[in-house]
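Structure first, then comments.
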Amino acid sequence: MDLFDRISNDIKEAMKAKDKVKLEALRNVKKNFLEAKTAPGANDTLTDDVAIKIIQKLVKQGKDSATLYAEQGRADLAEAELAQVASMEVYLPTQLSEAELTERLKDIIARVGATDAKDMGKVMGVATKELAGLSEGKLISAKVKELLS
């Protein structure tokens with residue numbers, strides 16, 4: 001079962017369970033999936049890779065919104081946003097731990113032959129492709145900076 005079908009089934013389950021938070025989050029995900037499927041050139045298909053990227057984008061937006069709400073003293077809205085994020089994160093691949101990320105980046109740095117901060121672009125190009133879905137871009141970037149300095 002692909003991710004699109006899994007989300008559709010989980011929407012039905014959330015309706016039966018009367019889980020409003022999960023239902024709202026999954027409906028938002030499905031709406032984005034449908035927009036991607038009907039986009040010009042998509043040929044009415046949606047691969048799991050594209051679906052995961054969509055969910056990652058939505059999770060990042062949700063976390064950013066929650067941060068803004070918290071900064072503005074709206075803890076109620078921040079909590080609601082984070083609850084939706086948690087409902088979406090279930091569908092993402094397991095994220096790398098900090099130690100695993102460091103090891104993978106050290107390997108990439110060695111393969112690319114990077115020696116200092118000037119080579120960060122080369123490392124990031126390879127790292128973002130290889131670690132897509134396994135870690136957030138800003139975490140990768142921060143760790144690469146740390147390792148190259």
When every non-hydrogen atom of Leu148 is compared with those of Asp119, the smallest separation belongs to CD1-C, 4.3 Å
In Å, rounded to the nearest 0.5 Å, how long is the span from CG of Leu105 to CD of Glu103?
9.5 Å
Transitively linked via ILVMFWY side-chain contacts under 4.5 Å: Met124 with Val112?
yes
Counting C-beta onward and ignoring hydrogens, is there a side-chain heavy-atom pair between Asp19 and Val21 closer than 4.5 Å?
yes
Is it the case that over 12 heavy atoms from other parts of the model lie below 6.0 angstrom from the CD atom of Glu35?
yes
Can you find a pair of side-chain heavy atoms, one from Leu34 and one from Phe4, that are under 4.5 Å apart?
yes
Is it the case that one hydrophobic cluster holds both Leu58 and Val90, taking links as side-chain heavy atoms less than 4.5 Å apart, direct or via other members?
yes
Main chain of Leu131, side chain of Ser135: is a donor-acceptor contact present, judged purely on distance under 3.5 Å?
no
Of all heavy-atom pairs linking Ala127 and Ile108, the shortest is CA-CD1, 3.8 Å
Under 4.0 Å between a Lys/Arg side-chain N and an Asp/Glu carboxylate O for Glu13 and Lys22?
no
Within the structure provided, determine whether Leu23 and Met15 are in side-chain contact (heavy-atom separation under 4.5 Å).
yes
Closest approach of Ser141 to Met120 (non-hydrogen atoms, all atoms of both residues)
OG-CE, 3.4 Å
Around atom CD of Glu89, are there more than 12 heavy atoms from other residues, nucleotides or ligands closer than 6.0 Å?
yes
Compute whether any side-chain donor of one residue and acceptor of the other, for Ser8 and Lys30, lie under 3.5 angstrom apart.
yes
Return the CD to CG distance between Glu81 and Asp64, rounded to the nearest 0.5 Å.
9.5 Å
Is Lys143 close to Leu147 at the side-chain level, that is, under 4.5 Å between some pair of heavy atoms?
yes
When rounded to the nearest 0.5 angstrom, what distance separates CG in Asp2 from OG1 in Thr45?
10.5 Å
Between the main-chain N or O of Ser97 and the side-chain N or O of Glu100, is there a donor-acceptor pair closer than 3.5 Å?
yes
Minimal non-hydrogen separation, Ala25 against Met88, with atom names
CB-CG, 4.2 Å
Non-hydrogen atoms of Leu26 and Ser87 that approach each other most closely:
CD2-O, 4.5 Å
Determine whether Lys12 and Asn9 make a side-chain contact, defined as any pair of heavy atoms from C-beta on separated by less than 4.5 Å.
yes
For Asn28 and Asn32, which I'm curious about, is there any donor-acceptor pair between the side chains at under 3.5 Å?
yes
Separation of Thr102 OG1 from Asp107 CG (nearest 0.5 Å)
12.5 Å
Decide whether Asp10 and Tyr91 meet the rule of one side-chain donor and one side-chain acceptor closer than 3.5 Å.
yes
Around atom CZ of Arg111, are there more than 12 heavy atoms from other residues, nucleotides or ligands closer than 6.0 Å?
yes
Would you say the side chain of Leu96 lies within less than 4.5 Å of the side chain of Arg104, judging by non-hydrogen atoms?
yes
Contact check, side chains of Gln56 and Val59, non-hydrogen atoms, under 4.5 Å
no
Taking the side chain as everything from C-beta on, heavy atoms only, tell me whether Lys60 gets closer than 4.5 Å to Lys63.
no
Same apolar cluster (I L V M F W Y, side chains within < 4.5 Å links), Ile11/Ile52
yes
CG-CG distance between Asp48 and Leu46, expressed to the nearest 0.5 angstrom:
7.5 Å
With a 4.5 Å cut-off on side-chain heavy-atom distances among I, L, V, M, F, W and Y, is there a chain of contacts connecting Leu92 to Val29?
yes
Could you walk me through whether Leu68 and Glu71 pass the side chain to side chain contact (heavy atoms under 4.5 Å, CB included) test, one step at a time?
CA-CA 5 Å; Leu68 285 173; Glu71 288 172 359; 3.9 Å; yes
